[in-house]
Each structure stands twice: as structure tokens, then as C-alpha cells.
Number of protein chains: 2
Amino acid sequence: MLHSVPEIDTSEALTERQKAVLDAALRLLVEEGDQLTMTAVARRASCSKETLYKWFGDRDGLLTATVQWQASKVRVAPVDGKGLDLASLTASLERFASDWLKVISSDTSIALNRVAISHAGSGKDNLGAVVLENGRFALAKRLKPVLEAGRRTGLLDFADAETAFRTFFGLVARDVQIRLLLGDRLELTEAAIGGDAARATQQFLALHGAKTGPQGL
Amino acid sequence: MLHSVPEIDTSEALTERQKAVLDAALRLLVEEGDQLTMTAVARRASCSKETLYKWFGDRDGLLTATVQWQASKVRVAPVDGKGLDLASLTASLERFASDWLKVISSDTSIALNRVAISHAGSGKDNLGAVVLENGRFALAKRLKPVLEAGRRTGLLDFADAETAFRTFFGLVARDVQIRLLLGDRLELTEAAIGGDAARATQQFLALHGAKTGPQGL
DNA sequence: GATATGCCGTACCGTACGTTACGGTTCGGC
DNA sequence: GCCGAACCGTAACGTACGGTACGGCATATC
């Protein structure tokens with residue numbers, strides 16, 4: 001478990017200029033891959049290296065700030081679990097699945113995960129923790145209330161929300177993320193994502209939907 | 001899709017000494033993470049840097065050779081699809097699931113995937129291709145015959161073997177690999193892996209097992 | 001025994017990059 | 001108009017590392 005980054009404080013009081021610098025770093029990260037040198041960021045952001053070091057401490061600080069800055073922008077409006085019927089539950093799940101597939105297949109996510117994974121290999125794991133906290137765990141935090149509402153309503157049947165979430169996660173993501181991270185060309189069109197989201201949702205309902213019709217004799 | 005590495009030729013005619021050097025590189029990669037410098041490999045393998053360059057060309061060559069060397073060691077005996085009944089099919093699937101979980105949670109796999117992902121971020125994607133070809137795609141190549149045998153025998157029901165495989169893959173792996181790659185401590189005990197493999201297999205059978213009993217009225 | 005081959009150990013080179021330092025410029029406050 | 005703070009642009013420093021060169025040793029071949 002990762003508890004080192006319980007809550008990302010986006011209240012870091014970033015000035016507009018600093019946000020612009022981080023945006024530049026982010027663009028550079030996505031476009032150039034690993035060529036995220038301090039010189040390159042300074043040039044791209046039209047600022048001096050001295051300023052980068054004053055604001056962010058060192059390269060790690062800049063990297064962390066960049067990842068957190070992107071994370072702070074990804075916050076998605078949570079879904080309310082009110083007035084739940086099968087149709088709205090299905091729609092919610094499909095929405096989550098579709099959103100998640102769009103996120104993990106985006107250039108930004110791929111670049112961010114790559115740099116965080118590289119970073120995790122070398123001692124300090126803070127970047128990985130940030131990415132995980134704002135990706136997988138944030139998704140779980142938003143989806144679990146929906147699952148539990150579905151269970152209360154009798155639409156879903158599962159013992160543990162965490163386990164149920166992980167099943168849904170697996171059905172949605174499958175091998176997409178690892179293939180993209182490893183450089184596999186795997187272009188997901190809007191239509192393909194929609195189809196995958198619907199399929200994953202139906203499979204999840206088949207596994208955890210409450211048995212309503214006649215069954216097993 | 002990745003077609004640049006259709007077949008890994010392990011017939012590279014490695015001498016015993018070269019294998020020992022690659023083993024040293026592999027150990028270093030696993031233990032030290034990203035500190036896989038040419039100097040460190042030479043010291044660990046008790047060989048000269050000049051020899052490394054003569055044998056493997058450059059750093060990329062050494063990395064590629066190391067990854068392929070590890071890949072050549074991972075080959076698992078395929079499962080035959082003869083005399084298939086539900087029990088043996090279930091056992092086969094559980095075995096695949098368990099093996100796969102063991103692989104992706106091993107230090108070696110994590111280190112290898114990390115270096116390949118870092119590499120994929122910087123232009124050349126050969127490492128990622130090798131890892132994918134010997135990981136995900138090799139698994140698919142071994143599992144699909146089993147799935148198709150199950151379908152022929154009437155035990156399984158699915159339209160596309162590739163899609164069915166990806167469903168199984170998702171049910172087995174879920175969020176394990178990305179969490180480990182991002183540095184999340186997530187120790188899978190032997191027992192936990194066994195339980196996960198059984199759960200994933202049952203879920204897969206629930207989705208794609210041929211309907212035998214009375215159903216839907 | 002002489003010569004050749006292959007490899008170890010190590011010193012060395014060039015470069016890339018993180019980090020620091022500094023002169024010049026802009027800008028808000030008095 | 002003047003001051004100081006913040007910042008830009010760039011030069012410079014230190015180091016790490018990929019890659020090369022070379023002397024020495026051990027084994028093989030004749």
C-alpha cells in the first residue's frame with residue numbers, strides 16, 4: 001500500500017507563471033519523452049534555470065511538481081449514486097470505463113507513467129506514489145461508492161468492494177496499459193473505447209449483477 | 001501490433017562466458033535498478049569494458065542481449081490440449097494464471113519491464129518489443145490453443161480467441177503489474193497467488209464457460 | 001621456446017547534464 | 001528618478017558515464 005501521499009495538496013499556491021512553466025515541462029515530457037533536461041525546460045518555458053532551481057529545488061522537485069500539476073488537472077467530477085436503477089448503473093460503469101481507457105491511452109498518461117516507472121527503479125518512489133494515488137486509487141475512490149450504492153439497491157452482488165473494483169479494473173484495462181507503456185502501437189479509436197467500455201461493463205454485470213431472473217432451476 | 005521481433009533467435013551462439021556476463025548484468029539490473037552502467041557490469045562480471053563492447057557492440061546491444069537472455073530462460077513448457085474435460089481445463093487455466101502472476105510479480109520481471117519502458121520513452125522501442133513478445137504475446141500463443149481446444153470440446157464459448165484471451169489476462173493481472181512497476185509494495189504470497197488464480201479462472205469460466213444447466217427459463 | 005590471440009584492468013577522452021554564478025533587464029514602490 | 005527584488009540569458013563548473021586505447025598476462029598453436 002502507498003500511504004506516503006495520502007492527499008495531494010494542490011494548494012501549493014502556484015503562481016500563474018509557475019503553472020505556465022509546469023505546463024511547458026509537461027508538453028516537453030509528452031513530446032520529447034526522456035529529453036526532459038533542465039536546460040530544455042528552461043528554454044521551452046522561456047525562463048532561466050536559476051528560476052527553476054529557486055522554485056522547485058532540484059530536478060526531482062521539478063518532476064514531482066510537474067506530475068502533481070498534471071494530476072491536479074485530471075480531477076473528474078464524481079458520479080452521484082442517487083436514483084439508481086440498472087440503466088443508470090450501467091451508464092455510470094460504462095462512463096468510468098470509457099474515461100479510464102481514454103486516460104491510460106493518452107499521450108500524457110503514457111509519458112507520466114513512463115517517467116514515474118523509471119523513477120521508481122531508482123530509489124525514491126515518490127513519483128510512482130503520486131501517479132498511483134491520482135490514477136488507480138483515485139479511480140477506486142470514485143467508483144467504490146457507485147458499486148456500494150448498487151449493492152444497497154440490490155443491483156449488484158459482491159462481498160468486498162475493493163475486490164469487485166479490481167475485477168472491473170482488470171476487465172476494462174486488460175493489457176492496454178502495459179502494451180502502450182512498452183511502446184506497442186495500439187491506437188484506440190473513440191468507437192473502440194466505447195465498445196470496450198460496454199463489453200467490460202456487461203462482463204462485470206454478468207459476474208456481479210444480482211441474479212434476478214429464474215436461474216439454476 | 002509489434003512485428004519487428006517475430007521470433008526471438010536464442011540461437012545467438014552465446015559462449016558460456018558470455019552467458020555468465022549476461023547473468024551478471026541481469027543480477028545487477030535486478031539489484032541496483034537503474035545503475036546498470038557499463039563500468040558496473042564489467043566490474044560485476046569481472047570482465048573488461050573492452051570485452052563488453054566487442055561482444056555486444058554498445059550499451060543498447062548489451063541491454064538487448066540481457067533481456068533476450070532472460071527471455072530465453074523463461075520459456076515454459078506448453079500445455080497440451082488433449083483429453084480435455086472441465087477439470088483439466090480448469091487446472092490448465094489456473095496453472096497459466098498462477099504462472100503469469102508469479103512472473104509479473106518477480107523482481108526480474110519488474111526490473112526488465114522498467115528498463116524496457118524507460119527505453120521505450122527514448123526513441124528505439126526494441127526492448128519493449130522483446131519484452132512484450134516474450135511476455136504478453138508468448139502467453140497468448142501458449143494459452144490460445146487451450147482456449148480453442150476448450151471451445152472445440154464444447155467446454156468454452158467465445159467468438160474470438162484473442163478477445164477471450166485478453167479477458168482472461170485482465171481477470172488475472174488486474175492492477176498488479178502497474179502497481180508493482182510504479183513502486184507499490186504489493187507482496188503476493190504463494191497462497192494469495194493461488195487464490196487469485198482460482199478466482200480469475202472461475203470468473204473466466206462464468207463468462208465463457210458453455211452454458212450447460214437450465215438457464216434463462 | 002617464440003609468436004599470436006583473447007581478455008583483464010585501468011587510464012583516458014569527449015560529452016551531456018545537473019547545478020551554480022553572474023551580468024543585464026524589467027517592474028513595482030517611494 | 002531611484003532602489004531593490006525578481007527574473008532572464010548564458011557562461012562556467014563538476015561529475016558521471018559511454019566509449020576507446022593500451023599495457024600486461026594467460027593460454028594456445030606451431
Side-chain angles (χ1 to χ4, degrees), chain A residues 12-67 69 111 114-116 118-124 126-127, chain B residues 12-67 69 111 114-116 118-124 126-127:
Chain A
E12 190 76 31
L14 292 173
T15 67
E16 291 307 313
R17 181 77 180 104
Q18 287 171 331
K19 293 178 186 174
V21 169
L22 292 181
D23 274 327
L26 209 48
R27 276 200 309 278
L28 204 58
L29 192 64
V30 172
E31 293 170 17
E32 305 297 329
D34 68 335
Q35 295 293 54
L36 194 76
T37 69
M38 300 301 278
T39 304
V41 173
R43 188 170 40 228
R44 177 66 82 97
S46 292
C47 75
S48 72
K49 293 210 270 180
E50 187 178 25
T51 301
L52 290 183
Y53 282 100
K54 180 186 291 185
W55 284 348
F56 306 108
D58 56 3
R59 186 168 186 275
D60 261 25
L62 174 61
L63 238 48
T64 305
T66 303
V67 171
W69 169 235
R114 282 209 181 119
V115 67
S118 306
H119 206 80
S122 17
K124 2 191 168 178
N126 38 359
L127 277 192
Chain B
E12 190 76 32
L14 292 173
T15 69
E16 290 308 310
R17 182 76 180 104
Q18 287 171 332
K19 293 179 187 173
V21 169
L22 293 181
D23 274 327
L26 209 47
R27 277 200 309 276
L28 202 59
L29 191 64
V30 171
E31 293 168 17
E32 304 298 329
D34 69 334
Q35 294 295 54
L36 194 77
T37 68
M38 300 301 278
T39 304
V41 172
R43 188 169 41 228
R44 177 66 84 97
S46 294
C47 74
S48 71
K49 293 204 319 183
E50 190 180 24
T51 301
L52 291 183
Y53 284 102
K54 180 184 293 184
W55 284 347
F56 306 109
D58 56 4
R59 187 169 187 274
D60 261 25
L62 174 62
L63 239 50
T64 305
T66 304
V67 171
W69 169 234
R114 282 208 180 118
V115 67
S118 306
H119 205 81
S122 15
K124 2 191 169 181
N126 37 358
L127 277 192

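Computed over heavy atoms, backbone and side chain alike; hydrogens, waters and symmetry mates excluded. Predicted model, so just to flag it, every value in this text is computed and none were measured. The chains referred to below are lettered A, B, ... by the order of the sequence lines, with proteins before strands, and numbering in each begins at 1.
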Hey, is the side chain of [X] poking within less than 4.0 Å of OP1 or OP2 on [N], counting only N and O atoms?
| X | N | answer |
| --- | --- | --- |
| A/Thr51 | D/dC8 | yes |
| B/Arg17 | C/dC8 | yes |
| A/Gln35 | C/dC17 | yes |
| A/Trp55 | D/dA6 | no |

Can you check the [X] [atom1] to [N] [atom2] distance for me, whole Å?
| X | N | atom1 | atom2 | result |
| --- | --- | --- | --- | --- |
| A/Leu62 | C/dT19 | CG | C1' | 13 Å |
| B/Asp58 | D/dT20 | CG | C1' | 14 Å |
| A/Leu52 | C/dG18 | CG | P | 11 Å |
| A/Phe56 | C/dG18 | CZ | P | 15 Å |
| A/Tyr53 | D/dA11 | OH | P | 17 Å |
| A/Arg59 | D/dG14 | CZ | P | 22 Å |

At less than 3.5 Å, do the side-chain atoms of [X] and the base atoms of [N] form a donor-acceptor pair?
| X | N | result |
| --- | --- | --- |
| B/Lys49 | C/dT10 | no |
| B/Glu50 | C/dC8 | yes |
| B/Lys54 | C/dG6 | no |

Is it true that a side-chain atom of B/Arg43 and a backbone atom of B/Met38 form a donor plus acceptor pair closer than 3.5 Å? no
Does some side-chain heavy atom of B/Val41 sit less than 4.5 Å from a side-chain heavy atom of B/Lys49? no
Any A/Val21 side-chain heavy atom under 4.5 Å of A/Thr51 side chain: no
Which residue lies more 5' along DNA chain C, comparing A/Met38 with A/Ser48 via nearest heavy atoms: A/Met38
Rounded at 0.5 Å granularity, tell me how far OH in A/Tyr53 sits from CG in A/Leu62. 9.0 Å
